[in-house]
Amino acid sequence: MTKPLEVKQEVPVVTRTTSNSYFLKESATVKWSLITISFLYISLFLILPLISIFVTAFEKGWETYVASIVHPDALAAIKLTITVALIVVPLNAIFGIAAAWLITKFSFKGKNLLITLIDLPFAVSPVIAGLIFILLFGAQGLFGEWLFEHDIKIVFALPGIILATLFVTFPFIARELIPLMQTQGVTEEEASISLGASGLKTFLYVTLPNIKWGLLYGLILCNARAIGEFGAVSVVSGHIRGLTNTMPLHIEILYNEYQFTAALAVASIMSVLAIITIIIKNIVSWKAKDV
């Protein structure tokens with residue numbers, strides 16, 4: 001009998017890395033081309049704009065730079081931005097933990113609807129979000145007459161800015177925690193409760209230590225968005241100098257008035273905050289991988 005012909009199939013050459021991942025072996029030309037494209041893109045759209053911000057901010061000297069920062073309107077904008085972040089981030093932390101706990105630890109009707117609502121700010125334009133609050137709390141809004149009669153100011157005041165910022169930032173922490181807590185499951189919590197621990201103790205000593213790095217990561221992202229939010233805040237703030245202008249709004253006003261050095265001086269502060277945020281985020285990611 002004749003032996004069947006053996007068909008040889010060419011198998012791609014793979015290399016094994018220390019992380020047990022397999023990658024097709026590509027030529028050095030392809031690898032360095034991808035690296036070059038990536039660095040050119042980052043340099044063009046990230047590094048060069050950052051450099052231009054600091055160069056323009058200091059082009060008229062250190063004294064002009066400091067004068068732009070310590071101007072009363074600039075200080076008021078910085079103070080307002082920090083105030084909003086200090087209020088919004090803790091509130092979002094409470095909501096994010098509660099929502100993630102509810103979605104991952106319990107079964108109930110409407111869970112998918114709740115997840116969809118949490119994702120809603122990602123799909124809605126921040127400007128539309130600001131307009132929603134105007135329609136609700138503005139002078140001609142749904143509750144506008146009642147608020148006016150009771151001398152309660154929401155839009156064109158701090159409460160409106162906080163509400164608008166809350167709307168655009170509340171998914172960040174919940175969205176970081178939900179997949180993490182889904183992966184962890186409920187085994188440890190069930191064991192804790194079966195041993196007699198209360199729900200609060202179970203959360204403090206079992207759940208919270210397991211989600212601390214994900215929570216911190218979400219807090220960092222939420223804080224960065226709260227500081228840099230422009231669209232929704234622009235609609236509800238009223239652009240009142242020294243009162244309702246956050247840092248992004250103050251920068252816009254200075255730029256529109258052709259005060260480029262002053263605008264970029266304030267922008268440099270936001271850039272420094274962004275760089276610090278990225279560094280902290282990378283540290284948190286590094287720490288989380290080691291756990």
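Along the sequence shown, the residues carry numbers beginning at 1.
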Point to revise | Non-hydrogen side-chain atoms of Ser33 and Thr29 separated by less than 4.5 Å | key: yes
message: Within the 4.5 Å heavy-atom criterion, are Phe54 and Val272 side-chain neighbours or not?
response: yes
Q) Going through the checks in order, is the side chain to side chain contact (heavy atoms under 4.5 Å, CB included) test met by Met270 and Thr81? A) CA-CA 10 Å; Met270 295 193 66; Thr81 302; over 6 Å; no
First locate atom [atom1] of [X], then atom [atom2] of [Y], and finally report the distance between them rounded to the nearest 0.5 Å.
X: Ile275; Y: Ile280; atom1: CD1; atom2: CD1; answer: 12.0 Å
X: Asn282; Y: Tyr217; atom1: CG; atom2: OH; answer: 8.0 Å
X: Thr277; Y: Asn223; atom1: OG1; atom2: CG; answer: 6.0 Å
X: Phe108; Y: Leu102; atom1: CZ; atom2: CG; answer: 4.0 Å
X: Ile253; Y: Gln259; atom1: CD1; atom2: CD; answer: 10.0 Å
X: Thr169; Y: Asn92; atom1: OG1; atom2: CG; answer: 4.0 Å

Thr244 and Leu249: side chain to side chain contact (heavy atoms under 4.5 Å, CB included), yes or no, with the steps? CA-CA 9 Å; Thr244 62; Leu249 301 184; over 6 Å; no
Within one Ile-Leu-Val-Met-Phe-Trp-Tyr cluster: [X] and [Y], side-chain cutoff 4.5 Å:
X: Trp32; Y: Ile42; result: no
X: Ile178; Y: Leu117; result: no
X: Leu273; Y: Leu264; result: no
X: Ile51; Y: Ile251; result: no
X: Ile97; Y: Phe106; result: yes

Does Asn245 have any side-chain hydrogen bond (donor to acceptor under 3.5 Å, both in side chains) partners at least two apart in sequence or in another chain, and if so, which?
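Not a single residue meets the side-chain hydrogen bond (donor to acceptor under 3.5 Å, both in side chains) criterion with Asn245.
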Counting only heavy atoms not in [X], do more than 12 fall under 6.0 Å of its [atom1]?
X: Lys60; atom1: NZ; answer: no
X: Glu188; atom1: CD; answer: no
X: Glu149; atom1: CD; answer: yes
X: Lys153; atom1: NZ; answer: no
X: Tyr258; atom1: OH; answer: no

Please table the atom pairs, donor to acceptor, closer than 3.5 Å between any side-chain atom in residues 65-80 and protein atoms at least two apart or in another chain.
residue: Tyr65; atom: OH; partner: Ser268; partner atom: OG; Å: 2.8
residue: Ser68; atom: OG; partner: Thr64; partner atom: O; Å: 2.9
residue: His71; atom: ND1; partner: Asp73; partner atom: N; Å: 3.1

message = Evaluate Thr246 against Thr165 for side chain to side chain contact (heavy atoms under 4.5 Å, CB included), listing each step before the verdict.
response = CA-CA 11 Å; Thr246 58; Thr165 308; over 6 Å; no
Ignoring hydrogens and angles, write down the donor-acceptor pairs under 3.5 Å from the side chains of residues 119-147, residues two or more places apart or on other chains.
residue: Asp119; atom: OD1; partner: Arg175; partner atom: NE; Å: 2.8
residue: Asp119; atom: OD2; partner: Arg175; partner atom: NH2; Å: 2.9
residue: Ser125; atom: OG; partner: Val127; partner atom: N; Å: 3.3

Please collect all salt bridge (Lys or Arg N to Asp or Glu O under 4.0 Å) contacts where either partner lies in residues 242-264, sequence neighbours excluded, each pair once.
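Pairs touching residues 242-264 that pass the test: Arg241-Glu257.
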Applying side chain to side chain contact (heavy atoms under 4.5 Å, CB included) to Thr202 and not counting sequence neighbours gives Glu189, Ser192, Ile193, Ala197, Val206
Counting distance only, does the side-chain N/O of Lys105 pair as donor-acceptor with the main-chain N or O of Gly185 below 3.5 Å?
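Pair found, side chain donor or acceptor close to backbone of Gly185.
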Under 3.5 Å, which donor-acceptor pairs do the side chains of residues 226-236 form with other protein atoms, sequence neighbours left out?
residue: Glu229; atom: OE1; partner: Arg225; partner atom: NE; Å: 2.9
residue: Glu229; atom: OE1; partner: Arg225; partner atom: NH2; Å: 3.0
residue: Glu229; atom: OE2; partner: Gly231; partner atom: N; Å: 3.1
residue: Glu229; atom: OE2; partner: Ala232; partner atom: N; Å: 3.0
residue: Ser234; atom: OG; partner: His239; partner atom: NE2; Å: 3.1

task: Assess whether side chain to side chain contact (heavy atoms under 4.5 Å, CB included) is satisfied between Trp101 and Ile211, documenting all intermediate values.
output: CA-CA 11 Å; Trp101 176 279; Ile211 66 171; over 6 Å; no
Please report the closest heavy-atom contact between [X] and [Y], naming both atoms and the distance.
X: Gly214; Y: Leu177; result: C-CD2, 3.9 Å
X: Ile173; Y: Leu219; result: CD1-CD2, 3.4 Å
X: Lys111; Y: Ser107; result: NZ-CA, 4.1 Å
X: Ala99; Y: Ala174; result: CB-CB, 4.5 Å
X: Ile87; Y: Pro90; result: O-CD, 3.5 Å

Inset, instruction - Would you mind telling me which of Leu46, Leu48, Ile47 makes a side chain to side chain contact (heavy atoms under 4.5 Å, CB included) with Leu50? - result: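 So the option named by the test is Leu46.
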Report task. Specify whether Trp62 and Phe58 have parallel, tilted or perpendicular ring planes, treating 30° as the upper limit for parallel and 60° as the lower limit for perpendicular. Result -> parallel
